[in-house]
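What you see is a predicted model; the values in this text were computed from it and never measured.
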Amino acid sequence: MRPSFLTNFPFAVLNRALQLGAGAILALTLSACATMTPVHPNTSRVLPTAERNQVISSLKYWRASGEAVLSTPKQNENFGFRWKQSPRLQELSIYDPLGRTVARITVEPSGAHLETITGEHRQARNLSTLLSMVLHVALPATELPDWMLGLRGNTSTISNNASGLPNILRSGPWQVHYLQYTPVGGLTMPKLLQANGPDGIALRMAITQWQMGQAE
């Protein structure tokens, strides 16, 4: 079994405790996300699905954060994440179950840069290369923003639920199942999703906070 990225850092002495506790922590987090009392804005302010998709497609600035479980036939990896999106910068921060930033990947037109908790720096042409170094699993990283937003990419197809919102997104060998939504400022945004990929790989994401538009 290839060692977990998280166990390669100085806090490896906590690894056994994290292995015993992280699953329970994430289970509680995902459960809380699934059962939290949703916001109930005036329904007249919640955009219809077609308008929602147009607005989301035009967004240039947004942020999403939450918790994730990455599963393979050999192991499970629990981590927190924060994604920042802007026209010229992507930033993905990854946290251990204790809330420490173990990796931060920034992507600019000139390339991608990884900084780890140990001060290590790596550079690559794209996000996918550096994210695979962090998680030891090849994910379609360039598609993750569309997955989180619930948007169809150039090579993907979507089937909708009864409300007209994405139910299953298919992209190559990946299927993304949208399990829960939440209203965010008049938009209906994914709150819980699971992506099932090749070789028994699965990524489950609980998005606990959305920020739409440029931060002040």
Side-chain angles (χ1 to χ4, degrees), residues 26-27 29-31 33-34 38 46-60 62-85 87 90 92 94 105 107 112 124-184 187-210 212:
L26 214 4
T29 303
L30 294 178
S31 175
C33 175
V46 178
L47 293 178
T49 301
E51 294 180 31
R52 167 211 181 263
N53 292 341
Q54 291 179 356
V55 171
I56 293 175
S57 297
S58 66
L59 283 175
K60 297 183 182 299
W62 57 271
R63 300 183 183 189
S65 58
E67 305 287 336
V69 181
L70 178 62
S71 303
T72 71
K74 294 183 178 181
Q75 65 181 14
N76 294 333
E77 191 76 88
N78 307 311
F79 58 92
F81 68 90
R82 182 179 63 183
W83 188 290
K84 297 181 183 180
Q85 185 81 17
Q90 287 180 326
L92 173 61
I94 296 178
I105 302 173
V107 184
R125 291 185 177 181
N126 52 55
L127 172 64
S128 297
T129 299
L130 295 180
L131 188 59
S132 66
M133 291 181 186
V134 174
L135 299 177
H136 302 306
V137 172
L139 296 175
T142 57
E143 297 185 47
L144 289 178
D146 284 342
W147 289 5
M148 286 189 286
L149 293 171
L151 292 176
R152 184 180 66 185
N154 294 331
T155 61
S156 61
T157 60
I158 283 182
S159 60
N160 295 331
N161 60 21
S163 300
L165 294 167
N167 184 37
I168 301 176
L169 181 150
R170 297 176 176 85
S171 178
W174 288 86
Q175 286 193 4
V176 183
H177 297 259
Y178 293 91
L179 306 176
Q180 286 193 342
Y181 285 89
T182 188
V184 179
L187 298 173
T188 305
M189 302 302 298
K191 182 170 70 171
L192 185 63
L193 61 92
Q194 178 160 326
N196 299 321
D199 304 320
I201 299 172
L203 175 66
R204 190 175 181 90
M205 302 178 72
I207 303 174
T208 55
Q209 186 174 16
W210 283 101
M212 319 308 287

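Counting only heavy atoms from C-beta outward, the side chains of W83 and M205 never approach each other to under 4.5 Å. In this structure the side chain of L127 never reaches within 4.5 angstrom of the side chain of L144, judged on heavy atoms. Side-chain contact between P166 and Y181 is present, with at least one heavy-atom pair separated by less than 4.5 Å. In this structure, Q75 and L70 have side chains that are not in contact, with every pair of non-hydrogen atoms separated by 4.5 Å or more. Taking the side chain as every heavy atom from C-beta outward, L151 and S57 approach each other to under 4.5 Å. Looking only at side-chain heavy atoms (C-beta outward), F79 and L135 come within less than 4.5 Å of each other. Annotation: side chain of P73 is not in contact with side chain of D199 (no heavy-atom distance under 4.5 Å). With a 4.5 Å cut-off on side-chain heavy atoms, H136 and E77 do not count as touching.
Screening L169, I168, N160, L165 for a side chain to side chain contact (heavy atoms under 4.5 Å, CB included) involving Y178 leaves a single residue, L169.
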Legend entry - Verdict with supporting geometry, L130 and V107, side chain to side chain contact (heavy atoms under 4.5 Å, CB included): CA-CA 10 Å; L130 295 180; V107 184; over 6 Å; no

Legend entry - Check against side chain to side chain contact (heavy atoms under 4.5 Å, CB included), Q180 and L193: CA-CA 7 Å; Q180 286 193 342; L193 61 92; over 6 Å; no

Legend entry - Audit row: K191, I207, side chain to side chain contact (heavy atoms under 4.5 Å, CB included) steps and yes/no: CA-CA 5 Å; K191 182 170 70 171; I207 303 174; 5.6 Å; no

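The two residues P190 and M148 come nearest to each other via the heavy atoms CG-O, 3.1 Å. Taking all atoms of both residues into account, the shortest heavy-atom contact from F81 to A68 is CD2-CB, 4.1 Å. Across N76 and T72, no two heavy atoms sit closer than the pair OD1-N, 4.2 Å. In this structure, P87 and K60 approach most closely via the heavy-atom pair CD-O, 3.4 Å. Summarising the geometry of G153 relative to D146, their closest heavy-atom pair is CA-OD2, 3.8 Å, with the distance given to 0.1 Å.
The structure places OG1 of T188 at 8.0 Å from CD1 of I56, a figure rounded to the nearest 0.5 Å. Atom CE in M189 sits 5.5 Å away from atom CZ in R52 (nearest 0.5 Å). Going from atom CG of N196 over to atom CD of Q194 covers 4.5 Å, rounded to the nearest 0.5 Å. Once rounded to the nearest 0.5 Å, the distance linking OG1 of T182 with CG of L187 reads 11.0 Å. To the nearest 0.5 Å, the span separating CG on L192 from NE2 on H177 amounts to 12.0 Å.
Note: W210 and W62 have tilted aromatic rings, judged against thresholds of 30 and 60 degrees for the angle between ring planes.
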